Amino acid sequence: MIVQTVHEILNPFDVEVKELGYGVALFLITGSIHSNPQFIVRFYHTGELRTVDQNDLRVYGNPTAGESLKPIQHDKGSK
């Protein structure tokens, strides 16, 4: 039996989801030894809710903590 917990994110944060677009993370589904943590994301352009694996998220920084608001784009061709 797999037991997972859903947590409401009290301070939702902006995310970019690979191949799906931009949204806000609202809930966290905790991972286990068998699965990665997942997030329930509401997409800005459609209002659609989707469950997204953590590996498909890019999280924006917090400028008040000295982090860049935009995620760092890594060029796949550079070393």
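Source: prediction; values computed, not measured. Along the sequence shown, the residues carry numbers beginning at 1.
Legend: residues meeting side-chain hydrogen bond (donor to acceptor under 3.5 Å, both in side chains) with Tyr22, ordered by chain and number and at least two apart, are absent. Every residue two or more places apart in sequence or in another chain was checked for a side-chain hydrogen bond (donor to acceptor under 3.5 Å, both in side chains) with Asn11, and none qualifies. Applying the side-chain contact (heavy atoms from CB on, under 4.5 Å) criterion to Phe13, with sequence neighbours excluded, gives Ile9, Val15, Ala25, Phe39, Val59.
Remark: the backbone N or O of Thr30 is not paired with any side-chain donor or acceptor of Thr5 at under 3.5 angstrom.
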* Check step by step if side-chain contact (heavy atoms from CB on, under 4.5 Å) holds for Phe43 and Val17. => CA-CA 9 Å; Phe43 288 94; Val17 182; 3.8 Å; yes
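By the 4.5 Å heavy-atom criterion applied to side chains, Ile40 and Ile29 are counted as neighbours. Put simply, the side chain of Leu57 reaches to within 4.5 Å of the side chain of Val52, judged on heavy atoms.
Note that CG of Asp56 and CD of Gln38 are 9.5 Å apart. Values are rounded to the nearest 0.5 Å. Annotation: the span from Leu26 atom CG to Arg42 atom CZ amounts to 6.5 Å, rounded to 0.5 Å. A distance of 14.0 Å separates CZ of Arg58 from CG of Asp14, quoted to the nearest 0.5 Å.
The two residues Lys18 and Asn55 come nearest to each other via the heavy atoms NZ-O, 3.3 Å. The nearest pair of heavy atoms linking Val24 to Pro12 is CG2-CB, 3.5 Å.
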